[in-house]
There are 2 protein chains.
Amino acid sequence: MADFLIRKLENFSRLSTEDRHALDQASRQRMRQIRPRDDIVREGDLPPGVTLILDGWACRYKTLEDGRRQIIAYLLPGDLCDHGVPILREMDHSIGSLTAVTLAEIPPETVRQLTADHARLAQALTWESLVAAAIQREWTVNIGQRTAFERLGHLFCELYLRLQAVGLTRGTTCEVPLTQAEIADTIGLSVVHVNRTLQELRSIGLIALRGRELTLPRLEALQRAVQFNPNYLHLDHEGRHLDANET
Amino acid sequence: MADFLIRKLENFSRLSTEDRHALDQASRQRMRQIRPRDDIVREGDLPPGVTLILDGWACRYKTLEDGRRQIIAYLLPGDLCDHGVPILREMDHSIGSLTAVTLAEIPPETVRQLTADHARLAQALTWESLVAAAIQREWTVNIGQRTAFERLGHLFCELYLRLQAVGLTRGTTCEVPLTQAEIADTIGLSVVHVNRTLQELRSIGLIALRGRELTLPRLEALQRAVQFNPNYLHLDHEGRHLDANET
DNA sequence: TAAATTTAATAACAAAAGTTAATCGGGGTC
DNA sequence: GACCCCGATTAACTTTTGTTATTAAATTTA
């Protein structure tokens, strides 16, 4: 059930069979199905406990009074949300599904046990939350400093690598179930301009889009063209922390 | 020594004398002075342990190859940085001082003891880190969706309230030791446009700037004008979580 | 105190991105 | 199979914001 999360965590450290089993069990206790484009939690609600996206895409977002909307983060299969359960009184943003979503609510007690009994797991989960924070920071940079062209290319690089980390790419291709309006709300551009920029990326041959299928035929070139530096994803040390054989 | 942090945490919950004393002791173990506009940690460095800003302003920032720079977060007196010490191998961004800064490095062992021995403190520290994350999200919204006018006003509202939370405001005034160039790098605008927008805010009487002294004579009006909603700062429940007398 | 260096303020012009509106196209529905 | 609806595309035009350059003012330093 927790396959995507497990796969992601193993980018950071090798988990034992028990680690994996425990995580899997935890994810099976309370599952929930969400329809596409439905709210999972709304701003003002009591923050939910730890939530794991088992499958599908969701996002954090915030709506201004006049209807402008910013997508703040994507929640992909294997992503966790921890709002520090009883500490904050209410959500300051909403979470909504983009596609159909399957999620697991992991009870506080289960989280406590998991991290208490499985040191590696605890470490790996810390890693995952540090990376989530790093992604949020990178989005600030992306929206604040980059041109439309760079923003869009950067987003695609990030999505591709994050999907790859959970095994959701085939070759140079991955599914990106976003409308241009959603992309616009993500990188702070108008739909029209997203469309223009998309054309540009296509015409140079840096991306290909067939339906919801995104192909990055020349990832390296794309990364260079938009100054994408993957360091913030902290994916580059497969288990090194736990192997004693470092240089 | 840790006065600002203590004051900030008490916006969330009342601390006991021992809590405060323990925090204060922890902050005295390893102090460091940083000159204005100096790097504290650089991208690529090994992430430092838990760092507490005792006094002065610092910021997280990221520089692109071609020199563009984005300020990702402000670190004000009483702010904490926790990079999850040994988990990530290298910093994906830099931290630099804006003014002269006094900081405390809190050894991992001390952090462990603090949170183990002082439950309230542990909770309060979790609160502070959740708020830091919420601020980061709000910046995404600010830069992504708002006009120059709103962005700037929003930033000022945030800074004022954060400074107020640590007792660094006098009436409607606070010190904001930023150049217009730094503000520009914060909200993703050019210096020239920041200047223009500043004039506009001034001419309407929503802000006054004398040197580094920022006055918000009509905070409410400013908040309305820029659609500032302070909910993301989660400052509105003075100790409620620990008092049993809730509704 | 004077010189040097930042920082702030303006202006004129250029470019990027937004707005509005119309059309096209595919997928699903009746 | 005709109709609808949503999402994508395109065009024309507007607005916001960026760029470059110059000057003024304020700080810092010598």
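Rotation axes derived from the C1' atoms of the five outermost pairs at either end of the helix from C:dT1-D:dA30 to C:dC30-D:dG1 lie 40° apart, to the nearest 10°.
Between B:Q70 and B:I143 the shortest side-chain heavy-atom distance falls below 4.5 Å. Within the 4.5 Å cutoff, the side chain of B:L52 has no heavy atoms near those of the B:E105 side chain. Put simply, the side chain of A:M91 reaches to within 4.5 Å of the side chain of A:P48, judged on heavy atoms. Contact annotation: the side chain of B:R32 approaches that of B:I40 to within less than 4.5 Å [non-hydrogen atoms, C-beta and beyond].
Look at A:D45 and A:R42 and you find no salt bridge, because none of the NZ, NE, NH1 or NH2 atoms lies under 4.0 Å from a carboxylate O. The residues B:K8 and B:D79 are annotated as salt-bridged, a charged nitrogen and a carboxylate oxygen being separated by less than 4.0 angstrom. Salt-bridge formation is detected for the pair A:D24/A:R28: a Lys NZ or Arg NE/NH1/NH2 atom is positioned less than 4.0 Å from an Asp or Glu carboxylate oxygen.
The interatomic distance linking A:L189 (CG) with D:dT17 (C1') rounds to 14 Å, in whole Å. Rounded to a whole Å, the CZ atom of A:R210 is 18 Å from the C1' atom of C:dG25. Going from atom NE2 of A:H193 over to atom P of D:dA12 covers 18 Å, rounded to whole Å.
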Stepwise, does the salt bridge (charged side-chain N to carboxylate O under 4.0 Å, His left out) test hold for A:R7 with A:E10?
-> CA-CA 5 Å; A:R7 177 129 186 195; A:E10 288 191 317; over 6 Å; no

Stepwise side chain to side chain contact (heavy atoms under 4.5 Å, CB included) check, B:R212 with B:V176 | CA-CA 5 Å; B:R212 311 269 94 133; B:V176 174; 5.9 Å; no

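Against DNA chain C, the stretch residues 138-156 of chain A makes heavy-atom approaches under 4.0 Å through A:T147, A:A148.
Heavy atoms only, all atoms of each residue included: A:D55 and A:P77 are closest at OD1-CG, 3.8 Å.
Using modelled atom types and a 3.5 Å distance limit, the side chains of A:T172 and A:T215 yield no donor-acceptor pair.
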Between the protein and nucleotides 6-12 of chain C, which nitrogen or oxygen pairs come in under 3.5 angstrom?
unit_1: C:dA8; atom_1: OP1; unit_2: B:R212; atom_2: NH2; d: 2.9
unit_1: C:dA8; atom_1: OP2; unit_2: B:Q180; atom_2: N; d: 2.8
unit_1: C:dA9; atom_1: OP1; unit_2: B:R202; atom_2: NH2; d: 3.1
unit_1: C:dA9; atom_1: OP2; unit_2: B:Q180; atom_2: NE2; d: 2.6
unit_1: C:dA9; atom_1: OP2; unit_2: B:N195; atom_2: ND2; d: 2.9
unit_1: C:dA9; atom_1: OP2; unit_2: B:R202; atom_2: NH2; d: 3.4
unit_1: C:dT10; atom_1: OP2; unit_2: B:Q199; atom_2: OE1; d: 3.4
unit_1: C:dT10; atom_1: OP2; unit_2: B:Q199; atom_2: NE2; d: 3.2

Where do N or O atoms of nucleotides 23-30 of chain D meet protein N or O atoms at under 3.5 Å, pair by pair?
none

Side-chain donor-acceptor contacts of residues 92-100 of chain B below 3.5 Å, not counting sequence neighbours, with atom names and distances?
unit_1: B:D92; atom_1: OD1; unit_2: A:R137; atom_2: NH2; d: 3.4
unit_1: B:D92; atom_1: OD2; unit_2: A:H234; atom_2: NE2; d: 2.7
unit_1: B:H93; atom_1: ND1; unit_2: A:R137; atom_2: NE; d: 3.4
unit_1: B:H93; atom_1: NE2; unit_2: B:R60; atom_2: NH1; d: 2.9
unit_1: B:S94; atom_1: OG; unit_2: B:E43; atom_2: N; d: 2.9
unit_1: B:S97; atom_1: OG; unit_2: B:R35; atom_2: O; d: 2.5
unit_1: B:S97; atom_1: OG; unit_2: B:R37; atom_2: N; d: 3.0
unit_1: B:S97; atom_1: OG; unit_2: B:D38; atom_2: N; d: 2.8
unit_1: B:S97; atom_1: OG; unit_2: B:D38; atom_2: O; d: 3.2
unit_1: B:T99; atom_1: OG1; unit_2: B:W57; atom_2: N; d: 2.9

Listed pairs under 3.5 Å, donor-acceptor, residues 154-161 of chain A side chains, sequence neighbours left out:
unit_1: A:H154; atom_1: NE2; unit_2: A:E138; atom_2: OE2; d: 3.1
unit_1: A:H154; atom_1: NE2; unit_2: A:R146; atom_2: NH2; d: 3.2
unit_1: A:E158; atom_1: OE1; unit_2: A:W139; atom_2: NE1; d: 3.1
unit_1: A:E158; atom_1: OE1; unit_2: A:Y232; atom_2: OH; d: 2.7
unit_1: A:E158; atom_1: OE2; unit_2: A:W139; atom_2: NE1; d: 3.1
unit_1: A:E158; atom_1: OE2; unit_2: A:R162; atom_2: NH1; d: 2.9
unit_1: A:Y160; atom_1: OH; unit_2: A:G171; atom_2: O; d: 2.6

